[in-house]
A.B. asks: 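I have a structure I would like to understand better, so I am pasting it below and will then ask my questions one at a time.
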Protein chains: 2
Amino acid sequence: MKIPRPTVKRLGLYYRCLSNYREDGVDFVSSQDIAEKLNIKPSQVRKDLSYFGEFGKRGLGYDVKKLLNEIAHIIGVNKEWNVAIVGAGNLGSALTSYPGLSKHKFRVVALFDNNQQKIGKKVSGITVYDISDLERTVNELKIEIGVIAVPEFAAQHVAELLEKSGIKGIVNFAPVRLRTNVPVEDVDITLSFETIAYNVVKKSSLDLLDTSND
Amino acid sequence: MKIPRPTVKRLGLYYRCLSNYREDGVDFVSSQDIAEKLNIKPSQVRKDLSYFGEFGKRGLGYDVKKLLNEIAHIIGVNKEWNVAIVGAGNLGSALTSYPGLSKHKFRVVALFDNNQQKIGKKVSGITVYDISDLERTVNELKIEIGVIAVPEFAAQHVAELLEKSGIKGIVNFAPVRLRTNVPVEDVDITLSFETIAYNVVKKSSLDLLDTSND
DNA sequence: TAGATTGTTAATCGATTAACAATC
DNA sequence: TAGATTGTTAATCGATTAACAATC
């Protein structure tokens with residue numbers, strides 16, 4: 001079955017939401033509960049889950065631990081993922097010690113760079129390898145996810161190196177649309193700033209109109 | 001008129017695409033040209049632009065510089081934006097020197113933290129202020145955009161401080177849905193990793209099916 | 001059983017795309 | 001003028017939501 005893209009994105013949100021419930025010691029939640037936390041409709045939650053199975057109990061809701069486990073399986077965070085970051089600059093270094101990753105089964109096990117000054121050094125306990133060792137290291141350390149944290153002009157080239165090395169998926173922080181045969185997820189920081197700028201401008205022009213109230 | 005959310009996101013992509021064309025010395029482009037670079041349909045490009053005006057010449061296409069200027073006005077990057085980053089940890093520090101921001105009219109002018117060890121120090125030339133000085137500094141430095149780069153548990157609190165200080169928009173890197181009255185744009189790094197994990201798992205199960213070819 | 005909440009269908013809403021007259 | 005490409009309409013596609021029978 002074809003799963004809508006927005007549904008996939010929300011799966012991660014459900015996972016996080018349920019993790020919070022579990023930490024709070026909550027045993028059962030309704031689609032209503034989840035929806036309120038996430039600012040969406042309860043029927044959205046039920047529909048999304050229904051693509052993958054029947055996880056709830058009518059009249060009762062969802063068993064938090066059970067559903068958490070189901071979703072972990074669906075999005076693949078029931079196992080650990082080994083991650084390589086290409087680009088040991090500020091962003092790459094920050095990601096290496098980013099708590100949100102280690103907390104959620106993503107282990108950064110290698111950094112890569114082409115700067116001889118950096119190669120062999122450690123960043124937050126992780127070795128910086130020469131980019132030319134990519135293929136060998138990816139195999140040795142069983143790395144499945146690659147992160148692109150290099151400047152724009154190098155991104156496509158790095159993507160191709162990653163693909164050749166046998167990586168299975170890419171998280172791309174460079175502001176370019178990559179051409180690859182492996183799945184890519186873009187984290188477009190500049191675009192987010194531009195979007196917020198647009199919304200700020202729009203809001204202030206609306207606020208001006210508001211006072212005239214027509 | 002109500003502009004579709006996806007259109008707003010693409011505006012930033014058009015802006016970037018046209019910047020590249022300008023750098024390459026290209027004077028005119030068609031919706032076809034833009035669409036190819038971005039992997040979308042030409043009619044999508046024309047429809048998106050049509051929400052804001054008639055910027056093209058029939059039979060010729062779009063004047064790169066002129067359209068670039070129009071889009072800059074629409075998304076608000078015709079002027080400089082002063083940005084404050086809350087949280088002088090690894091991520092906050094990395095963003096301070098992120099070239100993608102300074103390049104696109106976003107100037108990080110202040111960092112905030114509550115760690116006395118960090119306050120008063122400089123990170124990439126930017127002073128770290130005490131979070132209790134937020135309101136005063138936002139006014140003095142005319143800061144309009146706030147960035148949340150603090151741990152999850154502190155994010156909602158910081159969002160409220162930012163709002164109270166008079167900030168106009170927030171870019172949020174913490175994995176929480178914020179409740180505010182100002183526009184928020186989420187950059188959800190963990191969610192991107194979860195999405196790529198899902199896609200990798202899905203792809204490898206499809207690949208398995210592929211060989212049997214039924 | 002009565003009350004609650006699921007899973008699913010069908011209706012609605014919104015975004016994408018094809019098609020084409022307008023026009024450079 | 002002939003060729004090309006826009007701006008816009010209408011058709012299509014896809015995602016969200018309301019509604020409700022099923023059932024815990």
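Values reported hereafter were calculated over all heavy atoms of this structure, with side chains retained and with hydrogens, waters and symmetry mates removed. So you know, we letter chains A, B, ... as the sequences are listed, proteins then strands, and number each from 1.
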A.B. asks: Could you tell me whether B/S43 contacts a base, only the sugar-phosphate backbone, or nothing, with contacts defined as non-hydrogen atoms closer than 4.0 Å?
C.D. replies: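 Result for B/S43 = base.
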
A.B. asks: Considering every strand and a 4.0 Å limit on heavy-atom distances, what is the contact class for A/F52: base, sugar-phosphate, or nothing?
C.D. replies: nothing

A.B. asks: Ion pair present between A/R107 and A/E80, side-chain N to carboxylate O less than 4.0 angstrom?
C.D. replies: yes

A.B. asks: A/R46 has an atom CZ; how far is it from atom C1' of C/dG7, in whole Å?
C.D. replies: 8 Å

A.B. asks: In whole Å, I'd like the distance from the NZ atom of A/K41 to the P atom of C/dT12.
C.D. replies: 16 Å

A.B. asks: Closest approach to the side chain of B/S30, judged atom by atom: which nucleotide of C/dT9, D/dT6, C/dT6 is it?
C.D. replies: D/dT6

A.B. asks: Taking the basic N atoms (NZ, or NE/NH1/NH2) and the acidic carboxylate oxygens, is any pair closer than 4.0 Å for B/K65 and B/D27?
C.D. replies: no

A.B. asks: Taking OP1 and OP2 of D/dG7, is either one under 4.0 Å from a side-chain nitrogen or oxygen of B/Y62?
C.D. replies: yes

A.B. asks: Would one find a side-chain N or O of B/S31 under 4.0 angstrom from OP1 or OP2 of D/dT6?
C.D. replies: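 Indeed, a polar side-chain atom of B/S31 lies that close.
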
A.B. asks: Would you classify A/F55 as touching base, sugar-phosphate or nothing, given that sugar-phosphate means primed atoms plus P, OP1 and OP2, and contacts are heavy atoms under 4.0 Å?
C.D. replies: sugar-phosphate

A.B. asks: State which residue, out of A/D113, A/V150, A/N114, A/T137, fulfils the side-chain contact (heavy atoms from CB on, under 4.5 Å) condition with A/I131.
C.D. replies: A/N114

A.B. asks: Tell whether A/R58 reaches the base of D/dT23 with its side chain through a donor-acceptor pair below 3.5 angstrom.
C.D. replies: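 Result: no qualifying N/O pair found.
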
A.B. asks: Less than 3.5 Å apart, any donor N or O on the side chain of A/D48 or A/Y14 sitting next to an acceptor on the other?
C.D. replies: yes

